[in-house]
Structures are given as structure tokens and as C-alpha cells.
Amino acid sequence: MAARASATVIVFSLVLSLAFAGGASAKLSAGFYSRSCPGLLGAVRSALHPAIARERRVGASIVRLFFHDCFVQGCDASLLLDDAPGFQGEKNATPNKNSARGFEVIDAVKAAVEKACPGVVSCADVLAIAAEESVVFLGGPSWEVKMGRRDSTTASFNGANNDIPPPTSGLANLTSLFAAKGLSQKDMVALSGAHTIGQARCTNFRDHIYNETDIDAGFARSRQSNCPRTAGSGDNNLAPLDLQTPTVFENAYYKNLVQKRGLLHSDQELFNGCATDAQVRGYVGSQEAFFKDFVAGMIKMGDVTPLTGSSGQIRKNCRRMN
């Protein structure tokens, strides 16, 4: 009986240790590729930095790709999949069609990584690293990117249409959509600061500059000069989300909001006599506080339901499944 009990304990302990080992391996970590791909960051930078140097806007585009990817099925590179016969991806969903860009840069980064470490690093992790590197390249804060994500073999067109906050969102809707991903209102305000870089299309801010009152009149007129009132005319004309420094990552976005110069309706909702006004003012007064909260929000967003362990796959080409 004693021998049998002892054997049972040993087997039970072994099962427990395997379970914990599996759980640990399924967690994201900054050092995930330290042995399997020690040249990872160098490979990413070799392709990414020249691309941003050629067109600084692409850094903002890559940060936006990461955001749109994480908000649909989690951070699994589903956004990077092209449509194919019998497969509908997310690229032609309303928030992404004629809008999401930078895919060619991610292709180039992935190719550089594959050359250094074939079949090791997921597209989901490539995108996460590229987003952080883009922020840093444009003058923003750095952080340790947790890695170990795997790539999805599915995408959700409906999820892209329903889960990504539209530019017409009010504060309640913004808060709700972020909460659905485990992100607080504080995270939402901080992550919205990514709009300190990049540009928006006329179709996404037309109503705000012509029909709303929570906007500086002079700013509205200046935006109207390149965004005709009539829908269908100049829809793709661009304007900077941050009027002063659209290619530098800093806190000017929040200064614009206090002056009623938010380009999108959803931007100005963060400072409109509401619960988030104080946080916006705090970031105006302290870029350091903004950077700290932005980093915390990006790390949290990167943890949104990733595929890990043996789930999903490591795509060779980010545009299609293996």
C-alpha cells in the first residue's frame, strides 16, 4: 500500500509539474526569443527604420495596425491576412478599407526576421515589436515588448466592423469598446494619444468640422479647405491628427484637445466637459505622465487574448496561412 501511494504521489507530482511547465511556456515574455532568435531586434530594425526614415507617417500606420489587430480576436496577426477564395479577411472591413496601411513594411520586416531565424518568430510578434520600435523612432517612449504570440488561422470581418471604435464614437461608446478588451477608461485616454502621429481621411472628420460645435472655429475652417462638405468629394484627402507635429510622438495631441482642436469627433470627446477632462489636462502638464500611461496601456493591449503554446501557427508569409 505504501509503495502504491508513493507511486501515486510521484505521478500526481509529475502531472502537476507538466501542467505548470505548460502554463509557463504559454505566457508571453520579453525574453521569449533570446535563445531561438538572438538577432531579432537587429533584423526588425534593419527593415523598419529605413522605411520610417523614408516616410515618417508609416510609423503611425504600423502603430494603428497593431491596435486594429489586437481589437479583433486579440493580437494574432489576423489583420495581416489577405482575402482569398473561400476566406474573408479583415482588410476590407470598414475601419480598414482604404485606410489601414503599412502592410508592405511588415512584409519587409518579416522577411528580414525570416532570414535571421527561419520559422521561429510569429507575424503577431513582428507587428508588436514594429509598433514599439515605430513609437521610439518618432520620439516616444520605449518598453519591453512581451513576445510568444502565435499567428491565427482565422480572421473576423464582422469583428473588425464591430469591435474597432469608429471616429464618430462618443465617450461612452469608446469606454465600452475598450472595456470589452479589458482596457480601462484611463487606458483608453492614454492610448488615444497615439493620435499625436499620423493622418486621417476627410470622410472620417467631415461631420465634425462642418456640423459640430465642440471645435475651434478657426481650426474647423482650416480643415474645411481640404475637405469638401459634400460626401464623395475629397473623401480620401488627408489632414494631420496633430496639427503641430504629426510625425513626432509627444503630448501635443492633448494640448490640441484643450484648445478644441481635436480632428476627430472621438478625439474631442476626451475633453468635452466630461470625466476624462482631468486626465487630458494632466497629460498637457506632464509628457512623462502620458508616456508612462501610454506604455502601460500598450503592454496591456498586447496581452489581449494572444494565441500561445501550440495554438495557431508561425506563418512564413504574414499575408497567408502556411
Quick one: are the ring centres of [X] and [Y] less than 6.0 Å apart?
{"X": "His49", "Y": "Phe137", "result": "yes"}
{"X": "Tyr254", "Y": "Phe271", "result": "no"}
{"X": "Phe71", "Y": "Phe178", "result": "yes"}

Greater than 12 external heavy atoms within 6.0 Å of Glu212's CD: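 It does: Glu212 CD has more than 12 such atoms within range.
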Got a second to check how far [X]'s [atom1] is from [Y]'s [atom2], nearest 0.5 Å?
{"X": "Leu81", "Y": "Met321", "atom1": "CG", "atom2": "CE", "answer": "5.5 Å"}
{"X": "Thr175", "Y": "Lys186", "atom1": "OG1", "atom2": "NZ", "answer": "14.5 Å"}
{"X": "Glu90", "Y": "His68", "atom1": "CD", "atom2": "NE2", "answer": "11.0 Å"}
{"X": "Met188", "Y": "Thr276", "atom1": "CE", "atom2": "OG1", "answer": "6.0 Å"}
{"X": "Ser78", "Y": "Asp69", "atom1": "OG", "atom2": "CG", "answer": "5.0 Å"}
{"X": "Leu127", "Y": "Phe67", "atom1": "CG", "atom2": "CZ", "answer": "13.0 Å"}

State, yes or no, whether a side-chain contact exists between [X] and [Y] at a heavy-atom distance under 4.5 Å.
{"X": "Gln73", "Y": "Thr305", "value": "no"}
{"X": "Leu40", "Y": "Ile129", "value": "yes"}
{"X": "Leu41", "Y": "Glu133", "value": "yes"}
{"X": "Asp125", "Y": "Tyr33", "value": "yes"}
{"X": "Asp82", "Y": "Arg320", "value": "no"}
{"X": "Asp76", "Y": "Pro306", "value": "no"}
{"X": "Asn237", "Y": "Pro228", "value": "yes"}
{"X": "Val136", "Y": "Pro141", "value": "no"}

Judged by modelled atom types alone, do [X] and [Y] share a side-chain donor-acceptor pair under 3.5 Å?
{"X": "Asn173", "Y": "Ser176", "answer": "no"}
{"X": "Asp83", "Y": "Asn92", "answer": "yes"}
{"X": "Thr245", "Y": "Glu250", "answer": "yes"}
{"X": "Tyr283", "Y": "Gln279", "answer": "yes"}
{"X": "Asp207", "Y": "Asn211", "answer": "yes"}

Give a yes or no on whether the backbone of [Y] and the side-chain of [X] come within a donor-acceptor separation of less than 3.5 Å.
{"X": "Asn256", "Y": "Gly262", "answer": "no"}
{"X": "Ser99", "Y": "Asn96", "answer": "no"}
{"X": "Glu132", "Y": "Trp143", "answer": "yes"}
{"X": "Glu269", "Y": "Leu171", "answer": "yes"}
{"X": "Asn272", "Y": "Gln268", "answer": "no"}
{"X": "Glu114", "Y": "Gly119", "answer": "yes"}
{"X": "Ser169", "Y": "Pro166", "answer": "yes"}
{"X": "Arg149", "Y": "Lys146", "answer": "yes"}
{"X": "Asn322", "Y": "Lys316", "answer": "yes"}
{"X": "Arg261", "Y": "Asp216", "answer": "no"}

Nearest non-hydrogen partners of [X] and [Y], listed with the distance:
{"X": "Cys227", "Y": "Tyr210", "answer": "O-OH, 2.6 Å"}
{"X": "Ala93", "Y": "Asn161", "answer": "CB-OD1, 3.5 Å"}
{"X": "Ala124", "Y": "Ala77", "answer": "N-CB, 3.6 Å"}
{"X": "Gly193", "Y": "Tyr253", "answer": "CA-CD2, 3.8 Å"}
{"X": "Leu263", "Y": "Ala200", "answer": "CD2-CB, 3.8 Å"}
{"X": "Asp187", "Y": "Gly297", "answer": "OD1-CA, 4.2 Å"}

Test side-chain contact (heavy atoms from CB on, under 4.5 Å) applied to Met301 and Ile299, step by step: CA-CA 5 Å; Met301 188 170 71; Ile299 292 171; over 6 Å; no
Mutual orientation of the aromatic rings belonging to Phe249 and Phe290 [parallel < 30°, tilted 30-60°, perpendicular > 60°]: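 Parallel.
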With a 4.5 Å cut-off on side-chain heavy-atom distances among I, L, V, M, F, W and Y, is there a chain of contacts connecting [X] to [Y]?
{"X": "Val63", "Y": "Val44", "result": "yes"}
{"X": "Leu241", "Y": "Ile197", "result": "no"}
{"X": "Val258", "Y": "Leu243", "result": "no"}
{"X": "Leu177", "Y": "Leu174", "result": "no"}
{"X": "Phe294", "Y": "Leu270", "result": "yes"}

Cationic tip of Lys91 above Phe103 ring, under 6.0 Å, 45° of axis: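 Geometry flag: set, cation within 6.0 Å and 45°.
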Residues Thr153, Arg315; criterion side-chain hydrogen bond (donor to acceptor under 3.5 Å, both in side chains); working and verdict: CA-CA 9 Å; Thr153 55; Arg315 285 185 221 140; over 6 Å; no
side-chain hydrogen bond (donor to acceptor under 3.5 Å, both in side chains) between Asp242 and His195, worked out: CA-CA 7 Å; Asp242 172 3; His195 285 183; over 6 Å; no
Charged N to carboxylate O below 4.0 Å: is that the case for [X] and [Y]?
{"X": "Arg101", "Y": "Glu55", "value": "yes"}
{"X": "Asp163", "Y": "Lys181", "value": "yes"}
{"X": "Arg201", "Y": "Asp235", "value": "no"}
{"X": "Glu288", "Y": "Lys292", "value": "no"}

Asn236/Cys202 under side-chain contact (heavy atoms from CB on, under 4.5 Å): CA gap, chis, key distance, verdict: CA-CA 6 Å; Asn236 292 322; Cys202 167; over 6 Å; no
Side chain to side chain contact (heavy atoms under 4.5 Å, CB included), paired with Ile106, selected from Leu79, Leu48, Leu80: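 Of the listed options, the one satisfying the test is Leu80.
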Derivation and outcome, side-chain contact (heavy atoms from CB on, under 4.5 Å), residues Leu307 and Ser152: CA-CA 7 Å; Leu307 297 172; Ser152 69; 3.9 Å; yes
Check against side-chain contact (heavy atoms from CB on, under 4.5 Å), His208 and Thr168: CA-CA 9 Å; His208 183 52; Thr168 54; over 6 Å; no
